[in-house]
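Inspection log for the structure reproduced underneath, given as structure tokens.
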Protein chains: 2
Amino acid sequence: MDKPGLRERKKQRTREALIDAAHELFCTNGYEATTIDQIAEAVEVSSRTFFRYFTSKEDVALSLADEQVTAILDAFAAQPADMPVLTAMRTAAVQVVRSSETQARFHSLQNLISASPALTAARIERGTARFDTLARLVGARMGVDPAQDPRPYLVASVALCAVPTAIDAWRAAGHQAPESELIRQAFDLLSTGLDYPATPTGSQ
Amino acid sequence: MDKPGLRERKKQRTREALIDAAHELFCTNGYEATTIDQIAEAVEVSSRTFFRYFTSKEDVALSLADEQVTAILDAFAAQPADMPVLTAMRTAAVQVVRSSETQARFHSLQNLISASPALTAARIERGTARFDTLARLVGARMGVDPAQDPRPYLVASVALCAVPTAIDAWRAAGHQAPESELIRQAFDLLSTGLDYPATPTGSQ
DNA sequence: ACGACACTTGTCATGAGATGACAGAATGAG
DNA sequence: CTCATTCTGTCATCTCATGACAAGTGTCGT
């Protein structure tokens, strides 16, 4: 059981308390309107201590989203090796997101991110940090060298950058549907190519 | 010709001087290491004045890239209406980028952006501001309603987000080629779909 | 050419985000 | 209990960013 030790547990509790307080304040007052001092005060630690747990305000806001991305990448690596790349990517993303969608926290986090340009940008920035990881996974699955063939990087950037962004924009434009469904549609379109002449999609 | 007036011209000169000084300092010392004070001092204005021309440090760094995106969107709108969407997008991007590639400034700007996560994220964020514009253009060209069909948004996010990011990553991974060539390859892959089994691409 | 007006700029002040240095308190090991 | 490690708070500092106000400069009508 690797006895966690009192110290470890206390740290973990502080960390989660900071996340909780931050998200509550963010949802109530908005992301930019919330200050680090408020978050720290709500947990009764100094603002300096906040920065020992999170490197920035974005960090605490996106920590949960980060875990989700990790889960998706793990699920992706676990898909059968003979499954086409985008299919594996879609399956992994849909699995993880679908299991999150029942949690209220998931939705408030999505709204928070879409409502704040700073958070939207930060999410992409964090995605970028995983590019190499994902590109290597994709390259291995396709059996190509990412330094020679652009497709692994293209797939990685589409998955980590284009799809989330497109979904944000599409929902902002008024379309309502479960996120997992939007993800599914986006990947399906990508695997068949985007350049088809107009033939009404998906729903009919 | 709408005599610009002395005031207008002076403003324009200050603006360009700030851009010049900023880029020179960025290239010499790096983006994060350069402070607004240094930029303002180099042009002999107050740092307060800097913020009357640019809303942020990112703003001055990306102002040139912004003009390029504008040029690409204009070129896109000017393509023949019966040309497939991604083909039009590719043609527009390749045209504009190819005409920039001879300028040393273009390359240093690319390097600057790829070297700084903050700038990379900011570039995407600025792309987001054009999403609706591009999605409308794409929707019109495809003859579909962007609120009903996800493809316009997917195309927009791929063009403004995935392609630049993928190119950055691909070059960071060691592949060398003119940017316009990378753009061409990326769009060609997207129009045929990414999900094909491995068949060595482009170069042969 | 002169003067009223609008626009641009500098100075000052302020606030939030982020980081380094150091001392003191809590915790774990012996 | 004692010592060393680790965590935390306080203080100082820096950079980015913005508001308020006064002073300087260009513009335009007369």
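Order of the sequence lines fixes the chain letters, A, B, ..., with proteins taken first and strands second; residue numbering starts at 1 for each chain.
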Could you tell me how far apart [X] ([atom1]) and [N] ([atom2]) are, to the nearest whole angstrom?
{"X": "B:F51", "N": "C:dT11", "atom1": "CZ", "atom2": "C1'", "answer": "16 Å"}
{"X": "B:R9", "N": "C:dC7", "atom1": "CZ", "atom2": "P", "answer": "19 Å"}
{"X": "B:D59", "N": "D:dC16", "atom1": "CG", "atom2": "C1'", "answer": "13 Å"}
{"X": "A:E58", "N": "D:dC16", "atom1": "CD", "atom2": "C1'", "answer": "14 Å"}
{"X": "A:E41", "N": "D:dG9", "atom1": "CD", "atom2": "P", "answer": "12 Å"}
{"X": "A:L18", "N": "D:dT8", "atom1": "CG", "atom2": "C1'", "answer": "13 Å"}
{"X": "B:R13", "N": "C:dT9", "atom1": "CZ", "atom2": "P", "answer": "11 Å"}
{"X": "A:Y53", "N": "D:dC7", "atom1": "OH", "atom2": "C1'", "answer": "7 Å"}

Requested in this report: Report, as a single string ordered 5' to 3', how protein heavy atoms within less than 4.0 Å touch nucleotides 23-30 of chain D: B base, S sugar-phosphate only, - not at all.
Outcome: --BBS---
Report summary line: Nucleotide by nucleotide, nucleotides 10-15 of chain D touches protein heavy atoms under 4.0 Å in the pattern (B base, S sugar-phosphate only, - none) B----S
For the residue pair [Y] / [X], report whether a side-chain donor-acceptor contact shorter than 3.5 Å exists.
{"X": "B:S191", "Y": "B:R90", "answer": "no"}
{"X": "B:E125", "Y": "A:T120", "answer": "no"}
{"X": "A:R15", "Y": "A:S63", "answer": "no"}

Query raised in the report: Between B:F50 and A:F50, which is nearer to the 5' end of DNA chain D once each is assigned its nearest nucleotide?
Result: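 By nearest-heavy-atom nucleotide position, the 5'-most residue is A:F50.
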Query raised in the report: For B:R171, does the CZ atom sit with more than 12 other heavy atoms under 6.0 Å from it, leaving out its own atoms?
Result: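 Yes, enclosed.
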Report task. Applying side-chain hydrogen bond (donor to acceptor under 3.5 Å, both in side chains) between B:S100 and each of B:E179, B:Q68, B:R105, report the one that passes. Result ->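 Exactly one option meets the side-chain hydrogen bond (donor to acceptor under 3.5 Å, both in side chains) with B:S100, and it is B:Q68.
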Report task. Determine whether B:E24 and B:D20 make a side-chain contact, defined as any pair of heavy atoms from C-beta on separated by less than 4.5 Å. Result ->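 Result no, sub-4.5 Å side-chain heavy-atom pair not found.
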Query raised in the report: Is a side-chain N or O of B:Q38 found less than 3.5 angstrom from the main chain of B:L25, in a donor-acceptor match?
Result: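 Checking the backbone N and O of B:L25 against the side chain of B:Q38, no donor-acceptor pair under 3.5 Å is found.
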Query raised in the report: Checking A:Y153 side chain against A:F131 main chain: does a donor-acceptor pair fall under 3.5 Å?
Result: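 Not at all, since once roles are kept as given, no pair shorter than 3.5 Å links the two residues.
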Report task. Check each of B:D59, B:D168, B:D66 against B:R123 using the salt bridge (charged side-chain N to carboxylate O under 4.0 Å, His left out) test, and report the only one that passes. Result ->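 Exactly one option meets the salt bridge (charged side-chain N to carboxylate O under 4.0 Å, His left out) with B:R123, and it is B:D168.
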